[in-house]
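I have placed the structure first, in the form of structure tokens, so that the comments after it can refer back to it.
Note that the structure is a prediction, hence the values are computed from the model and not measured. Letters A, B, ... are given to chains in the order of the sequence lines, protein chains preceding strands, and every chain is numbered from 1.
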There are 2 protein chains.
Amino acid sequence: MRLGQGVEWAIHTCLNLTWLGAERGVSTARLAEFYQLPPAYLNKQLQSLVRAGILASTPGRRGGFSLARGPAAISLLDIVVAIEGSDPLFRCEQILRAGPGGRPDVDYREVCLVSGAMRRADLAWRQELAGRTLADLKADVERSFPGTPEATRGRFAELHDR
Amino acid sequence: MRLGQGVEWAIHTCLNLTWLGAERGVSTARLAEFYQLPPAYLNKQLQSLVRAGILASTPGRRGGFSLARGPAAISLLDIVVAIEGSDPLFRCEQILRAGPGGRPDVDYREVCLVSGAMRRADLAWRQELAGRTLADLKADVERSFPGTPEATRGRFAELHDR
DNA sequence: GCATTATTACTCGGATACTGCTTGTCCGAGTATCTCCGG
DNA sequence: CCGGAGATACTCGGACAAGCAGTATCCGAGTAATAATGC
């Protein structure tokens with residue numbers, strides 16, 4: 001039980017986009033080359049982000065991806081949900097229906113106290129993720145590693161020249 | 001991305017054991033019959049709980065499973081870890097090593113701020129689970145549904161008579 | 001009738017197949033740029 | 001020299017396979033109760 005690989009790629013890629021100004025879109029090929037990732041598969045993840053409204057894509061000759069809104073309006077939860085879906089970590093299959101006194105018409109996801117306890121933990125996880133935006137992360141990185149923005153832009157310029 | 005089916009089975013089964021007194025072990029067959037679960041597969045999950053020291057198993061003619069310690073000493077996190085393993089939800093593959101200025105000798109699971117943010121959310125989830133014991137859950141259920149202990153014992157008695 | 005021994009029935013435990021999702025890849029639809037041609 | 005039409009190169013997007021973890025099952029090792037047997 002673990003999150004998919006794409007979550008890490010998506011977060012780092014979105015973070016990179018915050019430093020690139022994003023005058024125009026950046027292609028999948030360059031974004032993948034930056035971390036030596038398989039381009040086609042990264043493209044698949046980025047498509048999920050587009051469907052979720054986090055990234056904007058422009059097709060055609062000079063197309064590419066860019067952030068659809070400001071970094072302060074994109075939380076880590078948004079990205080995780082976009083990649084992994086919105087299903088809760090714990091899935092209650094309502095086995096209490098088969099137990100003594102189980103009623104078929106009752107929604108045990110609401111009633112069952114086990115389900116409730118697990119849902120509360122789930123909520124704690126989500127709240128922590130929802131409270132961390134791309135803007136926060138960007139600021140933290142720039143404080144701890146001031147050279148990162150320039151280094152990132154530099155690397156992308158190299159890739160551009162190829 | 002979701003937790004395995006076995007987690008739900010394990011929690012409800014452990015909860016049932018708290019009501020059965022557990023003078024002697026309860027067999028997999030009866031525990032499975034209680035919720036109409038596949039016996040062999042449930043047995044596999046219970047084995048994981050035994051390995052984790054949560055359940056005690058006695059083999060042989062009148063063998064079965066019983067709680068290895070008091071319900072107050074068993075948290076939901078213990079059960080989840082026993083079934084799912086102790087790996088964090090978010091796995092950092094350290095893609096920063098392939099980025100600009102990436103060093104092979106640095107452990108980016110410690111340094112990377114993305115990894116740190118995800119780890120904090122992970123921790124919030126685990127703390128919530130660690131703070132909920134079987135004894136808490138048992139008390140909550142008995143408060144909300146006072147008939148449950150007797151109904152549970154009754155159903156197991158029926159299964160016993162077959 | 002009673003102690004002893006062989007049998008039996010039932011249990012856990014790990015080794016063994018199957019299924020679905022995550023991972024990974026490919027080719028087609030579409031667009032801006034560039035080239036070529038005519039005026 | 002300038003405008004426009006066609007060709008071109010490069011992009012995203014969804015449809016198409018492969019690998020692996022979760023799911024499900026079976027049979028063997030071991031133990032306690034039971035039945036049979038001899039005294």
Side-chain angles (χ1 to χ4, degrees), chain A residues 1-10 13 17 22-33 35-52 54-66 68 80 82-85 87 89-91 93 95 159-160 162, chain B residues 1-10 13 17 22-33 35-52 54-66 68 80 82-85 87 89-91 93 95 159-160 162:
Chain A
M1 196 283 306
R2 59 201 190 284
L3 275 75
Q5 186 73 56
V7 173
E8 184 180 11
W9 301 356
T13 298
L17 285 175
E23 323 87 45
R24 51 175 183 251
V26 185
S27 73
T28 299
R30 299 217 186 98
L31 291 170
E33 182 75 11
Y35 289 123
Q36 312 277 10
L37 302 175
Y41 191 29
L42 176 63
N43 181 278
K44 188 179 174 63
Q45 315 290 357
L46 297 181
Q47 282 177 37
S48 298
L49 295 178
V50 171
R51 279 189 220 104
I54 295 172
L55 293 186
S57 68
T58 64
R61 185 79 171 73
R62 281 241 169 192
F65 295 92
S66 57
V80 169
I83 300 293
E84 294 289 328
D87 291 339
L89 293 177
F90 175 80
R91 50 172 165 171
E93 293 280 354
I95 65 175
L159 297 175
H160 191 281
R162 290 187 183 178
Chain B
M1 194 282 308
R2 60 200 191 285
L3 277 76
Q5 187 73 57
V7 173
E8 184 179 12
W9 302 356
T13 298
L17 286 175
E23 322 85 48
R24 50 175 184 251
V26 184
S27 73
T28 300
R30 300 219 184 97
L31 291 171
E33 183 73 11
Y35 289 123
Q36 312 277 9
L37 303 176
Y41 191 30
L42 176 64
N43 181 283
K44 188 181 174 64
Q45 314 290 356
L46 297 181
Q47 282 177 38
S48 297
L49 294 178
V50 170
R51 279 189 220 103
I54 295 173
L55 294 186
S57 67
T58 63
R61 184 77 170 73
R62 282 240 170 193
F65 294 92
S66 58
V80 169
I83 301 292
E84 294 289 329
D87 292 339
L89 293 176
F90 175 81
R91 51 172 166 171
E93 294 281 353
I95 65 175
L159 297 176
H160 190 282
R162 292 189 183 177

**Message:** According to side chain to side chain contact (heavy atoms under 4.5 Å, CB included), who are the partners of A:Arg61, at least two apart in sequence or on a separate chain?
**Reply:** none
**Message:** Can you measure A:Leu46 atom CG to D:dG14 atom P for me and round it to whole angstrom units?
**Reply:** 13 Å
**Message:** Assuming nearest nucleotide by heavy-atom distance, tell me which of B:Leu42 and A:Ser27 is located more 5' along DNA chain D.
**Reply:** A:Ser27
**Prompt:** When you measure from the side chain of A:Glu84 to the backbone N and O of A:Val7, does any donor-acceptor pair fall under 3.5 Å?
**Reply:** no
**Message:** Holding to side chain to side chain contact (heavy atoms under 4.5 Å, CB included), I want the full list of residues that pass it with A:Ala68, two or more places apart in sequence or in another chain.
**Reply:** A:Ala56
**Asked** Which whole-number value in Å describes the distance from A:Asn43 CG to C:dC27 P?
**Response** 15 Å
Give every donor-acceptor pair under 3.5 Å between a side-chain atom in residues 35-44 of chain B and any protein atom, sequence neighbours left out.
| unit_1 | atom_1 | unit_2 | atom_2 | d |
| --- | --- | --- | --- | --- |
| B:Tyr35 | OH | B:Asn16 | ND2 | 3.4 |
| B:Tyr41 | OH | B:Gln45 | NE2 | 3.3 |
| B:Asn43 | OD1 | B:Gln47 | NE2 | 2.6 |
| B:Asn43 | ND2 | B:Thr28 | OG1 | 3.0 |

Please list, for nucleotides 28-32 of chain D, all pairs of protein and nucleotide N/O atoms separated by less than 3.5 Å.
| unit_1 | atom_1 | unit_2 | atom_2 | d |
| --- | --- | --- | --- | --- |
| D:dT31 | O2 | B:Arg61 | N | 3.1 |

**Request:** Using atom CG of A:Leu37 as one end and atom P of C:dT25 as the other, report the distance to the nearest whole Å.
**Result:** 11 Å
**Asked** Between C:dC12 and B:Gln47, is there an OP1 or OP2 to side-chain N/O distance shorter than 4.0 Å?
**Response** no
**Request:** Return the value, rounded to whole Å, for the distance between atom CZ of B:Arg30 and atom P of C:dC10.
**Result:** 11 Å
**Request:** Rounded off to whole Å, could you give me the CG-to-P distance for the B:Leu89 and D:dA21 pair?
**Result:** 17 Å
**Request:** Only counting residues at least two apart or in another chain, list the ones meeting ring pair (Phe, Tyr, Trp, His ring centres under 6.0 Å) with A:Phe90.
**Result:** none
**Request:** List the atom of A:Gly6, the atom of A:Ile83, and the distance in Å for their closest heavy-atom pair.
**Result:** C-CG2, 4.3 Å
Listed pairs, N/O of protein and of nucleotides 22-24 of chain C, under 3.5 Å:
| unit_1 | atom_1 | unit_2 | atom_2 | d |
| --- | --- | --- | --- | --- |
| C:dT22 | OP1 | B:Met1 | N | 2.9 |
| C:dT23 | OP1 | A:Gln5 | N | 2.8 |
| C:dT23 | OP1 | B:Arg91 | NH2 | 2.7 |
| C:dT23 | OP2 | A:Tyr41 | OH | 3.3 |
| C:dT23 | O5' | A:Tyr41 | OH | 3.3 |

**Prompt:** Any donor-acceptor pair under 3.5 Å linking the side chain of A:Glu93 with the backbone of B:Gln5?
**Reply:** no
**Request:** Check whether any side-chain nitrogen or oxygen of A:Ser57 sits under 4.0 Å from OP1 or OP2 of D:dC12, and answer yes or no.
**Result:** no
